[in-house]
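Atoms within each ligand, like the ligands themselves, are counted from 1 in listed order.
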Amino acid sequence: MGQKKKKLAKGRLDKFYYMAKEQGYRSRAAFKLIQLNKKYNFLGSAKACLDLCAAPGGWMQVASKYMPVQSVIVGVDLVPIRQVRNCISLAEDITTQKCRTEIKKALKTWKVDVCLHDGAPNMGTSWVQDAYQQAELTLHALKLATEFLTTGGWFVTKVFRGADYNSLIWVFNKLFKKVESTKPPSSRNASAEIFVVCQGYLNPKRIDPKLLDPKFVFKEIIEGPKKVDILSDKKQKRNRSGYEDGVNQLSKQMFVSDFIESTEHLRDLASHNSIVFDLPKSQLYLDHPETTEEIVECLKDLKVLGKNDFSKIIKWRKAMATHKEEIENPKKEEEQEEEEKRPLTQEEMDENLDKEIKELMENVEKKKRREKKKANEKKRDQQKRVELKMHIPGDKIEEGGDGDLFSVKGKDAEYDDDDQVAEHTDLSSDDDDSEYENDDEQDFDRDEYMEQELEGQYKQYLQRIRNRAVNEESVEKVSKDKLTSEDRDLDDEEFADADDESEQEEESHPLLVGNKRKEPSTEKTTSMWFDNDIFGGVEYRTEDDDEEEDQDQEDNKPIILTRNSKVMKAPVKSKEPAQKKQKSDKYQSAPGAAEIVDDEDVQQKEVAGFEEVPVEEEVEYSSESEEEEDDKIKTLALGQFLLRKKSKQDLIDNAYNRRVFNETNLPVWFTDDENKHNKPQTPLTKEMVQEIRRKMKEIDSRPIKKIAEAKARKKFRLSKKLDKAREKANSIVDNPEMSGREKTRAIEKLYKGTDKKSKNQKIVMIAKKSRTAGGGTGKYKMVDKRMKKEMRSMKNKEKTKGRGKSGSSGGKGKSKK
Ligand SMILES: C[S@@+](CC[C@H](N)C(=O)[O-])C[C@H]1O[C@@H](n2cnc3c(N)ncnc32)[C@H](O)[C@@H]1O
């Protein structure tokens, strides 16, 4: 078994092993001390340290690293320790007197602040023996610590969780202020080792020798408690003369079936090394879903288990015992079921009935309370709405009960009419909110009254303006037309409600179930759609329009009041028939009137005296127009939204609103305001517009394609010429018959020929009457313009004669003027 374990250990090279290698520590144990120190920080302020059982020196390395510089570190081990920087190492057995003397020599008069012990005796005989030797070694280390530790010092030791663990803790507690057991993460879970950190050495004047005597300590403690403890089994009494009968074997095994049936399973756990499955008897336990791999592994070696592992095994055993019982006594369950099925006695029935009634009563009470609370909340809510004047007719729909919701149909957009709302209120006012309904009705009356007042005042106001216009003789005709159209509009408005009402009366009531709402005709919807202001500039033509157009052109030029209140005849181009126009202008004439008011004074001045025959505003679509450029940029920016599916959809969705079909029955002042202020909101940002402007500028600043091509051609020609010249120059250089001077001259000449530009860069200044252009005194040549042209053409002709067309390019581009 021991051999097997060794092989296993070799295979268990974990991350700390590799980390130790990487960081130059001599053992992976170094990380245990690092982690312990991280938790308790005993090395940081220590000036002297005694490391017992220190080989190969990993802990010494850590101590040297974490303790202040120039602190004293003495390491002792049976085997010699290779030199560690700033450390003294001794090769001694810590159980001997010689070792004590050597340490004294090394420390001189010093006392140590920390005493470390990571000792492990030679393992491999039996677990019990190993555990005992380890405990004994720890007690020897403690003895040395008591000798060399300063008051308040630390003793950090490794202990095996075995039978002697509690005895050791008891002793530590006698000598130190605080004793804590901890298992650093680098210590393997499978290992039974644990570290005990004892802080605040009490340094008593006299220590009872028995306290540090293994024979006494372990014997006393073991025999003391009678309690059965897995970790302190009485049977594992230390006996240096040999093991008890039956224990002197390397591994003590037990069968799973015996363990499950055992009445002393705790004792069994403590006294055995492993529990094995005795097939086929324990097959039922092995097949059980709770027999996990972990449990099987734990059962294989009980001596390396921790507290958690033991509790898992105990739980598992309990489950297995129940399982076994169930298999063996299936009748019992049936009996239980029968017991449940047995008819109840009168008393039991009464009791049950009482319980049920009580529960029901409680439930009813709760329900009532809930409903009452809900109703109160509702009332409060409604009160608040009334107080805040937030109550709008549409709210009624939500306020009605569920039943109302289902008895009413097609009411989403139809509640603008108060009468309808009143009717609806009647329909829905069958609950206990009726008192609030009355309040609401009063509210509606008040609203209606206010509405009418507003309408009336607005009409008067329009009338005043109209009257003013009538007074102006010069615009008599215009005003007349306008008035007729507006009167017609106003009349339309006044009777609109009545008409609607009568229409509604004629139609079956839309609020009642079963009545179908009349769908608006396509034509109507289309006209409503194009009546929208968005299509202000778009002409809507039909074939009939064309026929009527000619007649209307001259006679029925509709009058439009411009923003500046200039009375203008509608453009002759207008294709909309007068009748249709009137109809569509039903609500649009008013905004025009409202605008007149804005510029009242201006209107008085301008309207008087002249009639302006409007020609449709001619917009100059020149490329320089800033407005047009702005529009172009905005359109481009908007176009970007159309590139992505989502933003495109958002853009389209945002274009809709609930008034997109120009609802009828809207108060005139409202439509006026809407027309004035309700402008389409584009999602464009300043940055987007700027970016597009920048891009456009960039595009504009690019050279025209033809110019770029010409430049490229020129460049190409030049490079060709240079290549040729280079070739010639090479041939000149290679010519053995020419002298160096000749060669240079020839090459210079050659290059001069190619560099036409520089050759022709001779600037001739032309000045009138012997005056230089800049008023300077330099030499100049008088040139006759005519003569210069003739000369140039002659020269060109001469040149092209010999070379043909292709060779003529050299004569171009002369800068002589
Ligand atoms: C786990 S190693 C210590 C590792 C050490 N802490 C490190 O970090 O390198 C245990 C050591 O205890 C030593 N040891 C066991 N019994 C001893 C004894 N009686 N006296 C001195 N050293 C002993 C062994 O020689 C062994 O090197």
> Which of these, Gly75, Pro56, Ala29, Ala55, has its nearest heavy atom closest to atom 3 (C) of ligand 1?
Replying inline: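 Comparing heavy atoms across Gly75, Pro56, Ala29, Ala55, the nearest one to atom 3 (C) of ligand 1 lies in Ala55.
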
> For atom 12 (O) of ligand 1, which candidate among Ala141, Ala91, Cys53 provides the closest heavy atom?
Replying inline: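 Shortest heavy-atom distance from atom 12 (O) of ligand 1: Cys53.
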
Please indicate whether any nitrogen or oxygen in [X] is less than 3.5 Å from any nitrogen or oxygen in ligand 1.
X: Leu78; value: yes
X: Asp93; value: yes
X: Lys158; value: no
X: Ile94; value: yes
X: Gly119; value: no

Reported [atom1]-to-[atom2] distance for the pair [X] and [Y], which is rounded to 0.5 angstrom:
X: Ile313; Y: Leu266; atom1: CD1; atom2: CG; result: 11.0 Å
X: Lys32; Y: Phe195; atom1: NZ; atom2: CZ; result: 4.5 Å
X: Leu168; Y: Leu142; atom1: CG; atom2: CG; result: 8.5 Å
X: Glu102; Y: Thr96; atom1: CD; atom2: OG1; result: 9.0 Å

>> Within the 4.0 Å heavy-atom shell around Gly57, which atoms of ligand 1 are there?
In response: 9 (O)

> Should you measure from each heavy atom of Ala54, which atoms of ligand 1 turn up under 4.0 Å away?
Replying inline: 5 (C), 7 (C), 9 (O)

Can you tell me which portion of [X] lies within the under-4.0 Å heavy-atom range of ligand 1? Options are side chain, backbone, both, or neither.
X: Ser27; result: side chain
X: Leu137; result: side chain
X: Cys99; result: neither

> Can you list every pair that meets ring-ring contact (aromatic ring centres under 6.0 Å, His included) and has a residue in residues 279-307, with sequence neighbours left out?
Replying inline: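 As it turns out, the ring-ring contact (aromatic ring centres under 6.0 Å, His included) pairs with a partner in residues 279-307, which skip direct neighbours, are His288-His323.
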
[atom] - nearest protein heavy atom and its distance:
atom: atom 10 (C) of ligand 1; answer: Asp118 O, 3.5 Å
atom: atom 15 (C) of ligand 1; answer: Ala120 O, 3.2 Å
atom: atom 27 (O) of ligand 1; answer: Asp77 OD2, 3.0 Å

Ignoring hydrogens and geometry beyond distance, is a side-chain donor-acceptor pair present between [X] and [Y] at under 3.5 Å?
X: Asn86; Y: Ser64; value: no
X: Glu359; Y: Asn363; value: no
X: Thr138; Y: Lys158; value: no

>> For Glu92, state whether at least one heavy atom is located under 4.0 Å from any atom of ligand 1.
In response: yes

> Sequence neighbours excluded, which residues qualify as ring pair (Phe, Tyr, Trp, His ring centres under 6.0 Å) partners of Phe172?
Replying inline: Phe155

> Using the benzene-type ring in the case of Trp, are the ring centres of Tyr132 and Phe218 under 6.0 Å apart?
Replying inline: yes

